[in-house]
Amino acid sequence: DAKTTQPTSMDCAEGRAANLPCNHSTISGNEYVYWYRQIHSQGPQYIIHGLKNNETNEMASLIITEDRKSSTLILPHATLRDTAVYYCIVRSLGNEKLTFGTGTRLTIIP
Amino acid sequence: DAGVIQSPRHEVTEMGQEVTLRCKPISGHNSLFWYRQTMMRGLELLIYFNNNVPIDDSGMPEDRFSAKMPNASFSTLKIQPSEPRDSAVYFCASSWEANYGSYTFGSGTRLTVV
């Protein structure tokens, strides 16, 4: 599966949109982009995934560039409860394994 | 649904003792994963099962670790004998075949070996 690169940490003001970038320049055509988050002392939580189209659900939006080499996870109105480590993962179709990197530590500031 | 249930939540044991961690996946999920998380190594996949059959155990650190899934609703991860370097949080996750990549994780077992 393609490698991903994320910033180590980010801050965002409460109520503002949090935009978390992920670089996956070696992604191939059958690889999906997944986002998970891990709130302190809890298990990771699935957020969203996509192949090439932008996706939105009740938690977040996923914007994938046209060349698919990068993506952005958007939390539209961040709250203090969104403080967590966010993982961007690339996984190929047919591969059940998810390999977690180091993620981005997002801190929401009151 | 109660989600993925792990027990115990915390385990403290002495070096050399046997430790058994337990996991009950979500009903209807047919894949089960065991992960280990430490500060140094992050989240590591140890082993995963599909339809109760171990598919990939390449992440199991050594022969002291073993995992079983006797039926669709129960799995165990056993460490015998335990060592201080096994101290970590162990997570179990399950997923449904038709929704690959969308895992549901349990709350984890924090293991401390002294």
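Residue numbering restarts at 1 for every chain, and letters A, B, ... go by the order of the sequence lines.
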Which atoms of B:Gln6 approach chain A - backbone, side chain, both or neither, heavy atom under 4.5 Å: neither
So what's closer than 4.5 Å to chain A heavy atoms on B:Leu43: side chain, backbone, both or neither? both
Establish whether [X] and [Y] are linked, either directly or via other cluster members, by ILVMFWY side-chain heavy-atom contacts under 4.5 Å.
X       : Y       : result
B:Met60 : B:Val19 : yes
B:Leu21 : B:Phe65 : yes
B:Ile47 : B:Val4  : no
B:Ile5  : B:Ile26 : no

Before we go on, tell me: are the rings of A:Tyr46 and B:Phe105 under 6.0 Å apart, centre to centre? no
Region of A:Tyr32 in contact with chain B, defined by heavy-atom distances below 4.5 Å: neither
Can you tell me how far the [atom1] atom of [X] sits from the [atom2] atom of [Y], to the nearest 0.5 Å?
X        : Y       : atom1 : atom2 : answer
B:Ser58  : A:Lys97 : OG    : NZ    : 4.0 Å
A:Phe100 : B:Gln37 : CZ    : CD    : 9.0 Å
A:Gln38  : B:Phe91 : CD    : CZ    : 5.0 Å

Count the heavy atoms of every other residue, nucleotide or ligand shown that sit under 6.0 Å from [atom1] of [X], and state whether that count exceeds 12.
X        : atom1 : value
B:Glu14  : CD    : no
A:Arg105 : CZ    : no
B:Asn71  : CG    : yes

Donor-acceptor contact below 3.5 Å, side chain B:Tyr103 vs main chain A:Pro44: no
Do B:Tyr35 and A:Leu98 come close enough that some side-chain heavy atom pair is under 4.5 Å? yes
